[in-house]
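The structure under discussion appears below in the form of structure tokens.
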Amino acid sequence: MNISKVLFLLLWVCDIVYGLDYLVLKKEYSFKGQAVYAKDIFPELENNFLLFEIPQNMNRYQIKSNQLIEQFEDNGLSIGAETPIITFKRTFSGEKESIENYIMAEFLRHYQKNKIQIKSIQIEQITPVGFQKEDIKSIDFHPKLLKRNEGSFNVVIQEKLKEQTRNRKVYFKYLLDAEIQAIQTTQPINGRQSVNLTNARLVWIPFERIGSALMEENELGKVAVRSYTPKDIIVTRDRLIPKRVVKKGDMILVDVMEDNVLLEFTLEAQKDAAIGDVIKARVIDGKKVYDVEIIEEGRGRLL
């Protein structure tokens with residue numbers, strides 16, 4: 001158990017046993033102006049007094065919790081703290097909800113087939129400027145950001161200066177808390193062997209950083225691994241090749257249309273093939289060879 005949890009527990013016990021009202025500093029607070037007062041941290045206090053001032057050019061400020069504890073003690077208040085360092089972040093009047101909704105929609109669209117489940121998304125404004133929803137001209141959220149759960153982006157707003165307007169970039173950070181569906185091997189799979197529910201399973205993994213696109217549920221039984229793949233591996237698209245549905249020497253039922261009549265005959269495959277591959281196929285007990293496109297397992301179309 002860490003120190004902050006121990007402290008919190010002790011304060012809670014004191015409150016129950018002795019009836020004392022102990023206040024506990026959280027690890028993070030928001031602020032707008034430069035001056036931070038006691039009631040900014042504990043609104044329920046009767047006595048309000050100045051704690052410290054934050055330089056105007058700083059949007060993030062940190063202070064040791066024991067410094068604040070001493071100031072409260074000087075004013076007759078006993079308090080505790082969750083962490084040794086307390087962080088203060090400046091809040092701005094910029095419109096956030098529409099930006100959060102836009103980013104969430106981008107992730108949902110991009111990972112629709114992987115059934116992403118978004119728990120929350122947080123954005124933090126870095127550029128100190130206020131704006132309304134109607135001021136937003138564009139949101140520059142680069143596609144590469146869709147591969148990780150945190151990063152930076154900018155929003156272009158229209159800023160009014162007296163009688164003139166100009167475009168201004170407002171910078172943000174985002175943090176996404178989500179899970180995504182993936183395919184995990186349950187046993188070693190040899191190269192060119194199909195990936196299906198006999199050797200793999202569906203799992204949910206935290207969405208953090210996606211280096212390569214993940215295999216999708218609808219690909220099970222339709223693709224194979226390129227090379228030997230160990231057990232408990234999350235399968236990515238770069239490991240996959242089309243599933244082999246025809247082997248060299250297999251008999252292929254081939255369709256051909258002649259005078260509006262559909263004819264079928266059998267040819268012998270001259271190489272392994274997946275759906276969509278074009279291969280040579282030979283007439284059984286003959287030398288004539290045709291080009292055939294594989295359309296499904298054991299079937300082809302004469303080209």
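The figures that follow rest on heavy atoms only: side chains count, while hydrogens, waters and symmetry mates do not.
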### Query
Under a 4.0 Å N-O cut-off, is there an ion pair linking E97 with K133?
no
#### Entry: Side-chain (K27) to main-chain (I85) donor-acceptor, under 3.5 angstrom
no
### Message
Between Q62 and T87, do the side chains contain a donor N or O and an acceptor N or O under 3.5 Å apart?
### Response
yes
#### Entry: Ion pair D272/R244, N-O distance below 4.0 Å
yes
### Query
Backbone N or O of N218 within a donor-acceptor pair of the E216 side chain at under 3.5 Å?
no
### Summary
Distance col, row E100:CD vs I123:CD1, nearest 0.5 angstrom, shows 4.5 Å
### Query
Is the shortest heavy-atom distance from the side chain of R192 to the side chain of I241 under 4.5 Å?
yes
### Query
Below 6.0 angstrom between ring centroids: does that apply to Y61 and F31?
no
### Message
Looking at S65 and P84, would you say the former's side chain and the latter's main chain have a donor-acceptor pair under 3.5 Å?
### Response
yes
### Query
More than 12 foreign heavy atoms under 6.0 Å from CD of Q164: is that the case here?
no
## Note on the structure
Taken to the nearest 0.5 Å, the spacing of Y171 OH from S152 OG works out to 10.0 Å
### Query
Is there a side-chain contact between Y290 and R282, using heavy atoms and a 4.5 Å cut-off?
no
#### Entry: Main-chain N/O of E268 paired to Q270 side chain as donor or acceptor, under 3.5 Å
yes
### Message
Just so I know, are the side chains of I116 and Q181 near enough to count as touching, which here means a heavy-atom distance under 4.5 Å?
### Response
no
### Message
Taking the side chain as everything from C-beta on, heavy atoms only, tell me whether V203 gets closer than 4.5 Å to I234.
### Response
yes
#### Entry: Donor-acceptor contact below 3.5 Å, side chain D250 vs main chain K247
yes
### Query
Got a second to check how far S98's OG is from I103's CD1, nearest 0.5 Å?
10.0 Å
### Query
Is it true that K115 and E217 have a side-chain N and a carboxylate O under 4.0 angstrom from each other?
yes
### Short N-O contact, K89 and E124, less than 4.0 angstrom
yes
### For A281 against V292, the heavy-atom pair lying closest together
CB-CG2, 3.8 Å
### Query
Looking only at atom types and distance, does a side-chain atom of T229 sit under 3.5 Å from a main-chain N or O of S227, one as donor and one as acceptor?
yes
### Query
With no hydrogens and no angle check, is any side-chain donor or acceptor of T185 less than 3.5 Å from a backbone partner on P230?
yes
#### Entry: E296 atom CD, over 12 foreign heavy atoms within 6.0 Å
yes
### Message
Nearest 0.5 angstrom please: Y111 OH to K147 NZ, how far?
### Response
7.5 Å
### Query
Do you know the tightest heavy-atom contact between A200 and T186?
N-OG1, 3.4 Å
### Min side-chain heavy-atom separation L68-I63 under 4.5 Å
yes
### Query
Has Q112 got more than 12 heavy atoms of other residues, nucleotides or ligands less than 6.0 Å from its CD?
no
### Query
More than 12 foreign heavy atoms under 6.0 Å from NZ of K169: is that the case here?
no
### Query
Would you call R299 and E264 a salt bridge, taking side-chain N to carboxylate O under 4.0 Å as the test?
yes
### Query
Quick one: CZ on R168 to CZ on F131, what's the gap to the nearest 0.5 Å?
10.5 Å
### Query
OH of Y174 to CZ of F141: how many Å apart, nearest 0.5 Å?
4.5 Å
### Query
Sub-3.5 Å donor-acceptor pair from the side chain of R148 to the main-chain atoms of R209, do we have one?
no
### Query
If we only count heavy atoms from C-beta on, is the E219 to I183 side-chain gap below 4.5 Å?
no
### Query
Got F265 and V283 here, is their nearest side-chain heavy-atom distance under 4.5 Å?
no
### Heavy-atom check, side chain of V129 versus side chain of E159, under 4.5 Å
yes
